[in-house]
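Read the numbers this way: they start at 1 and go in the same order the structure lists the ligands and their atoms. Computed from heavy atoms alone, side chains included, the values below leave out hydrogens, waters and symmetry copies. A quick note: this is a predicted structure, and the numbers were derived from the prediction, not measured. Here, residue 1 is the first one in the sequence, and each next residue gets the next number.
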Amino acid sequence: VAPEDWCYESQAKKISCTEPSKWSGNCQDKQQSPINIDTKSVLRNDSLKPFQFVNYDKKEARDIKNNGHSVQVDLSGSIKISQGGLPGTYKAAAFHLHWSNSVNQGSEHTIDGKSYAMEMHIVHIKDKYSSVSEALNGDENNEIAVLGFLIKASSEKHPGFSNLVENLKNIPYKSKFASLKEFSLSDLLPKVDKLKHYYRYQGSLTTPDCQEKVIWTVFQEPIQLHEDQILEFSKQLFYNKENEEKMPIIDNFRKTQALGNRQVYTS
Ligand SMILES: Nc1nc(-c2ccc(Cl)c(S(N)(=O)=O)c2)cs1
Ligand SMILES: [Zn+2]
């Protein structure tokens, strides 16, 4: 089945599409993501130094896009990460999010069985590549580095996310774009001194073809958004194109996968 008609369980109930248990490619292999992180079984690894974030504080106006599975913001390759136990420098490609229509679930990774309301993924590729698809052609298991940020509901509105959230109503359907006011990635993330603590493991893309080429980082410090900001995603965004039956993007998160013989490390 061609990967483009893959879908999540919530959609498979309404339309005929390939639901997660039937995803093809590497999706049925043994080093899949996301996983539950059992904090009692993680191993401290002192070589997991703090990340070096380059141009994360660079303010840029960017487009936000409904890609039919999530909401995505493409990033310029001048944004980079290094250190953080990575084998070299990686450049940013894009970020996207996963969510539900309730705040008690929506994240992909879980911590001691606890789901968070959302999860943001900043996808990076090795510096030598110029696209995610080029990186996926590489044959190492660390061609891609995803930084995962858990998001929890709070009573406070997150000012850094306000413009992004306000623009969701402008991209209701697949392939719609909107222009965001200038912002930096740092505007969205916890303070850099809170990013010293993170989990690390070897895994995959959480969407087809689930290639096992991702070195995963899940930060321990969650981002806090107001409940209304979180619920706006499932209220305003639809999977389908303009003139098709409206199907809200809800529960666009993959279930946790077997850890198998992998070890999760912590900085
Ligand atoms: N069409 C879509 N692709 C993705 C995607 C692409 C690359 C990656 Cl690495 C990921 S994830 N969730 O593993 O971070 C998701 C989402 S929606
Ligand atoms: Zn993702």
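Note: an N/O pair closer than 3.5 Å links Thr206 and ligand 1 by distance alone.
For atom 1 (N) of ligand 1, the closest non-hydrogen atom on the protein side is His69 CD2, 3.6 Å. With hydrogens left out, the protein atom closest to atom 2 (C) of ligand 1 is Asn67 ND2, 4.1 Å, a heavy atom. Scanning all protein heavy atoms for the shortest distance to atom 8 (C) of ligand 1 gives Leu205 CG, 3.7 Å. Distance from atom 10 (C) of ligand 1 to its nearest protein heavy atom, with residue and atom name: His96 CE1, 3.6 Å.
Relative to the ring axis of Phe183, Arg62 places its NZ or CZ within 45° and under 6.0 Å from the centre. A cation-pi arrangement is present between Lys114 and Tyr116, with the terminal nitrogen or guanidinium carbon under 6.0 Å from the aromatic centre and inside a 45° cone about the axis. Under the 6.0 Å distance and 45° angle rule, Lys241 does not count as a cation-pi partner of Tyr173.
Using a 4.0 Å cutoff on heavy atoms, Phe95 does not count as a contact of ligand 1. In this structure, Val132 falls outside the shell of residues with a heavy atom less than 4.0 angstrom from ligand 1. Using a 4.0 Å cutoff on heavy atoms, His98 counts as a contact of ligand 1.
Crowding of Lys169 atom NZ: a count of heavy atoms from other residues, nucleotides or ligands under 6.0 Å exceeding 12.
Our summary of the site lists the angle at the Zn ion (ligand 2) between NE2 of His98 and NE2 of His96 as 100°, to the nearest 10 degrees.
To the nearest 0.5 angstrom, Lys152 atom NZ is 14.0 Å from Ser115 atom OG. With rounding to the nearest 0.5 angstrom, the NZ atom of Lys65 is 9.0 Å from the NZ atom of Lys174.
With hydrogens and angles disregarded, a donor-acceptor distance shorter than 3.5 Å links the side chain of Glu119 to the backbone of His109.
Here the shortest heavy-atom distance to atom 9 (Cl) of ligand 1, taken over Val71, Ile125, Val146, belongs to Val146.
With respect to the Zn ion (ligand 2), His121 has ND1 as its nearest N, O or S atom.
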task: Apply ring-ring contact (aromatic ring centres under 6.0 Å, His included) to Phe51 and Tyr198, showing your working.
output: CA-CA 10 Å; Phe51 281 88; Tyr198 55 86; 5.0 Å; yes
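Phe233 and Trp99 have tilted rings, their planes meeting at an angle from 30° to 60° on a 0 to 90° scale.
In the vicinity of Trp216, heavy-atom distances shorter than 4.0 Å reach the ligand 1 atoms 13 (O), 14 (O). When each atom of ligand 1 is checked for a heavy atom of His121 under 4.0 Å away, the hits are 11 (S), 12 (N), 14 (O).
Using a 4.0 Å cut-off between heavy atoms, Thr207 contacts ligand 1 through its side chain alone, with no backbone atom that close.
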